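In what follows, chains are A, B, ... by sequence order, proteins preceding strands, each numbered from 1. Given the structure is predicted, the values throughout are model-derived calculations rather than measurements.
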2 protein chains.
Amino acid sequence: MKTQPARKTKQRDALREVLERSERPLSVNELLEAAAKRVDGLGVATVYRTVGALLGDGAIEAVEIPGEPVRYERANKGHHHHFQCEKCARVFDIAGCLENLRTLVPPKFRIRTHDVTLYGLCAACAR
Amino acid sequence: MKTQPARKTKQRDALREVLERSERPLSVNELLEAAAKRVDGLGVATVYRTVGALLGDGAIEAVEIPGEPVRYERANKGHHHHFQCEKCARVFDIAGCLENLRTLVPPKFRIRTHDVTLYGLCAACAR
DNA sequence: GCCTAGATGAGAATAGTGTATCATTATCAG
DNA sequence: CTGATAATGATACACTATTCTCATCTAGGC
């Protein structure tokens, strides 16, 4: 998988912009759907290719939740975690993080990263 | 998916026992591999069926980590989370949990559950 | 405007998981 | 011991997510 040699196209612009403007992580399908409104006939392959390139550039990051398709979001949001609504299945960012994680593991274990995902109902679905 | 009408077989015993004795969550393949040592010719279908029944009984619980096959572990361990070694890919239990999660989400959101997964090197791989 | 290599889109191909089918085997009540 | 029927195992099938192929299109240097 090599870096895309760069050429400005409307499909890439559309995808980049959708990702840039979204306040929550989007799956490939959500991306396709949203970007297809701007570029007619947009295909999945292009979405995958562009997402791959953006990941390579470090412009976006993957958000993985078990049993769910991978979602992507802007990389410049700082450390945060996610919340998935059990009703509408959308994923939201949540600010902040727990910092006493180190204390949880046995002494010889080395922690490099961590994921925290909360599940429940989002504001819209909770009423 | 209905409850299995119960009949004692060596394959079920083997699977139940492997799960019972394992100190860490096991995937279907790990289960198959481990139980096949006791019951020759054990098939995947039986593993899936048995796991399904045990889940239904509440005897085991699913442990899901993004991009990884689902693992299963005894349900009577109490609340805890998991650690995955980035080298050997095994998953370990970690005791304890962060309790100030409620403070992280916007006020209208309702939290029902949460997952915390740490990644790094296990004691064996860290040296 | 022309040309070429990069980019695209449609669909085929792949990979990983889990379920359904069905002939055979084995449990266990009587 | 025997028979009814649940359980098994091999395999086909279904699904989803992602990659590949390749003919066609197009951005952009000249």
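- Proximity of B/Gln11 to the phosphate of C/dA26: no side-chain N or O atom is located under 4.0 Å from OP1 or OP2.
- A close approach under 4.0 Å does occur between a side-chain nitrogen or oxygen of B/Thr9 and OP1 or OP2 of D/dT8.
- A salt bridge is defined here as a Lys NZ or Arg NE, NH1 or NH2 lying under 4.0 Å from an Asp or Glu carboxylate O, and A/Arg16 with A/Asp13 meets this definition.
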Check against side chain to side chain contact (heavy atoms under 4.5 Å, CB included), A/Leu19 and A/Leu31: CA-CA 8 Å; A/Leu19 280 165; A/Leu31 257 175; 3.7 Å; yes
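- The side chain to side chain contact (heavy atoms under 4.5 Å, CB included) test with B/Asp93 singles out one residue from B/Lys77, B/Arg24, B/His81, B/Glu23, and that residue is B/Lys77.
- The 5' end of DNA chain C is approached more closely, in terms of each residue's nearest nucleotide, by B/Val44 than by the other of B/Lys8 and B/Val44.
- Between the CZ atom of A/Arg16 and the P atom of C/dA7 there is a distance of 11 Å, given to the nearest Å.
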Check: protein-nucleotides 14-17 of chain D nitrogen or oxygen pairs below 3.5 Å:
none

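- Under the 30°/60° scheme for interplanar angles, the aromatic rings of B/Phe92 and A/Phe109 are found to stand perpendicular.
- Between the side chain of B/Arg38 and the main chain of B/Lys10, no donor-acceptor pair closer than 3.5 Å is present.
- The nearest whole Å value for the distance from the CZ atom in B/Arg12 to the C1' atom in D/dG9 is 14 Å.
- Set against C/dT8, D/dT8, D/dA27, the side chain of A/Lys10 has D/dA27 as its closest nucleotide.
- Distance, B/Asp13 CG to D/dA7 P: 13 Å, rounded to whole Å.
- Residue-environment remark: CZ (A/Arg110) stays at or below the threshold of 12 foreign heavy atoms within 6.0 Å.
- Comparing C/dG9, D/dT11, C/dG18 against the side chain of B/Val28 picks out C/dG18 as the nearest.
- For A/Arg49, no side-chain nitrogen or oxygen approaches OP1 or OP2 of C/dA7 to under 4.0 Å.
- C/dG16 atom P lies 16 Å from atom CG of B/Leu32, rounded to whole Å.
- Annotation for B/Ala89 and B/Arg71: closest pair O-NH2, 3.2 Å, computed over non-hydrogen atoms.
- Rounded to a whole Å, the CG atom of A/Asp40 is 13 Å from the P atom of D/dT26.
- Among the nucleotides D/dA6, C/dT8, D/dA27, the one closest to any side-chain atom of B/Arg7 is D/dA6.
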